[in-house]
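A quick note: this is a predicted structure, and the numbers were derived from the prediction, not measured. Residue numbers run from 1 in the order of the sequence given.
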Amino acid sequence: MTILDKIIAFKKQEIAKIKAEIPVKKLIESPHFKKDTISLKKSLLEPYSTGIIAEFKRQSPSKGVINDKATISDVTNGYLDANVAAQSILTDTSFFGGTMADLMEARSINTTKPILRKDFIVDGFQVVEAKAIGADVVLLIATCLDAVQLKNYGQLATDLGLEVLYEVHSQEDLDKIGDLDNKIIGINNRNLKTFEVDLEHSMNLASQIPDTALKVSESGISDPRIITGLKEHGFQGFLIGENFMKTENPGEACKEFIEQIR
């Protein structure tokens with residue numbers, strides 16, 4: 001059993017328990033349900049966008065604890081000061097040390113940039129939950145879902161006014177999504193089954209994605225010069241977490257990184 005298999009099995013049990021305790025009606029009553037969301041697509045495409053989707057991540061299954069001292073408040077303010085295109089928040093507790101409260105706190109501070117709920121979505125309930133806690137975008141990982149689930153959860157997100165970042169790692173993942181036109185496609189350089197990182201992966205798979213889709217490169221980006229190469233392959237978004245979070249001041253690290261790519 002891979003780490004990913006363990007995460008998905010645990011996540012399904014976790015969501016079953018939450019669904020038994022919290023009715024969907026209660027989620028819909030959240031104040032965030034009435035608010036307009038902020039578009040990730042627009043933020044990445046606007047002139048002079050940095051393209052950086054900066055992540056808040058305390059730990060990971062492959063690296064263990066990355067940063068357990070930085071606060072959501074400090075990091076969110078730091079990322080906003082650095083003029084990120086968007087913010088990503090891990091909400092998985094058991095494997096990444098995140099919580100939904102992290103995203104809600106970030107949302108109370110960040111009212112201008114889109115927020116991605118980064119989690120392993122295995123049930124439509126989590127999409128509704130994402131809207132209820134103030135997210136603008138949900139992550140749907142093609143490796144973890146079948147074609148029908150990807151379509152249904154994607155449609156549910158759209159119906160709720162949320163955008164979707166479809167994450168792929170292979171041609172098989174792309175085939176599951178089917179029509180890529182106008183979608184936001186994230187290519188994960190990290191193989192979720194082995195957790196190995198290969199940056200060439202983004203560039204190789206990018207050629208299979210039409211120009212009508214918005215391409216995002218995820219994981220393993222540690223040098224501003226890499227961004228230049230990825231842009232030449234049509235990438236307009238760059239999800240970076242660990243590179244910033246492993247420092248004492250993630251916001252400052254993000255700002256310095258962005259200053260080097262402009």
Side-chain angles (χ1 to χ4, degrees), residues 30-60 63 65-93 96-119 129-139 161-163 165 184 186 216-224 226-227 236-262:
S30 159
H32 290 297
F33 246 84
K34 300 172 185 69
K35 291 180 181 173
D36 291 334
T37 47
I38 304 165
S39 171
L40 174 62
K41 193 177 278 187
K42 278 185 186 168
S43 186
L44 291 174
L45 291 176
E46 70 182 18
Y48 309 111
S49 171
T50 62
I52 302 296
I53 304 167
E55 190 159 271
F56 184 91
K57 177 162 67 172
R58 290 189 181 89
Q59 65 189 57
S60 77
K63 295 290 170 78
V65 174
I66 297 165
N67 190 332
D68 57 1
K69 294 188 172 57
T71 66
I72 274 281
S73 175
D74 286 347
V75 174
T76 299
N77 281 308
Y79 284 166
L80 290 173
D81 189 46
N83 194 27
V84 297
Q87 189 177 9
S88 170
I89 309 272
L90 262 300
T91 58
D92 173 80
T93 305
F96 289 86
T99 66
M100 285 189 283
D102 288 337
L103 196 148
M104 292 169 82
E105 186 182 349
R107 175 86 292 164
S108 69
I109 298 162
N110 171 8
T111 57
T112 57
K113 302 286 185 178
I115 296 180
L116 165 71
R117 180 192 184 179
K118 187 96 171 282
D119 210 320
E129 200 176 52
K131 174 78 173 179
I133 62 174
D136 303 293
V137 193
V138 289
L139 181 75
L162 298 168
E163 286 182 329
L165 174 60
I184 307 172
V216 175
S217 181
E218 307 173 23
S219 301
I221 302 169
S222 58
D223 188 322
I226 292 169
I227 303 287
Q236 290 163 299
F238 315 93
L239 196 150
I240 306 174
E242 189 184 315
N243 190 57
F244 304 145
M245 288 301 297
K246 69 184 181 184
T247 67
E248 277 188 30
N249 188 332
E252 193 57 40
C254 179
K255 193 172 186 179
E256 287 171 9
F257 187 96
I258 285 172
E259 282 170 354
Q260 291 179 68
I261 59 171
R262 306 204 84 172

Tyr79 side chain vs Asp74 backbone, donor-acceptor pair below 3.5 Å: no
Test log, rule salt bridge (charged side-chain N to carboxylate O under 4.0 Å, His left out), inputs Glu163 and Lys41: CA-CA 8 Å; Glu163 286 182 329; Lys41 193 177 278 187; 5.7 Å; no
Under the salt bridge (Lys or Arg N to Asp or Glu O under 4.0 Å) test, residues paired with Asp81 that sit two or more places apart: Lys255
Beyond-backbone contact of Asn67 with Gln59, side-chain heavy atoms, under 4.5 angstrom: no
Anything under 3.5 Å between a donor and an acceptor, one on a side chain of residues 243-251, the other on a protein residue two or more places apart or in another chain? List them.
{"unit_1": "Thr247", "atom_1": "OG1", "unit_2": "Phe244", "atom_2": "O", "d": "2.6"}
{"unit_1": "Thr247", "atom_1": "OG1", "unit_2": "Asn249", "atom_2": "O", "d": "3.4"}
{"unit_1": "Asn249", "atom_1": "OD1", "unit_2": "Gly251", "atom_2": "N", "d": "3.4"}
{"unit_1": "Asn249", "atom_1": "OD1", "unit_2": "Glu252", "atom_2": "N", "d": "3.0"}

Set of residues satisfying salt bridge (Lys or Arg N to Asp or Glu O under 4.0 Å) with respect to Lys42, sequence neighbours excluded: none
Of all pairs that satisfy salt bridge (Lys or Arg N to Asp or Glu O under 4.0 Å), the ones with a partner from residues 98-112, not counting sequence neighbours: Arg58-Asp102, Arg107-Asp136
Residue pair Ile89 / Ile72, side-chain heavy-atom distance below 4.5 Å: yes
Beyond-backbone contact of Thr37 with Pro114, side-chain heavy atoms, under 4.5 angstrom: no
Pair Lys113-Asn83, side chain to side chain donor-acceptor pair (under 3.5 Å): steps then yes or no: CA-CA 9 Å; Lys113 302 286 185 178; Asn83 194 27; 3.2 Å; yes
Close side-chain approach of Phe56 to Leu90, heavy-atom, < 4.5 Å: no
Close side-chain approach of Leu80 and Thr112, heavy atoms under 4.5 Å: yes
Test side chain to side chain contact (heavy atoms under 4.5 Å, CB included) applied to Ile52 and Ile240, step by step: CA-CA 7 Å; Ile52 302 296; Ile240 306 174; 3.8 Å; yes
Heavy-atom donor-acceptor pair, Asn77 side chain to Ser73 backbone, under 3.5 Å: yes
Results of salt bridge (Lys or Arg N to Asp or Glu O under 4.0 Å) for Glu129 - residues two or more places apart only: Arg117
Side chain to side chain contact (heavy atoms under 4.5 Å, CB included) between Ile38 and Val137, intermediate numbers included: CA-CA 9 Å; Ile38 304 165; Val137 193; over 6 Å; no
With sequence neighbours excluded, residues passing side chain to side chain donor-acceptor pair (under 3.5 Å) with Gln87: Thr76, Asn110
Derivation and outcome, side chain to side chain contact (heavy atoms under 4.5 Å, CB included), residues Lys118 and Thr91: CA-CA 6 Å; Lys118 187 96 171 282; Thr91 58; over 6 Å; no
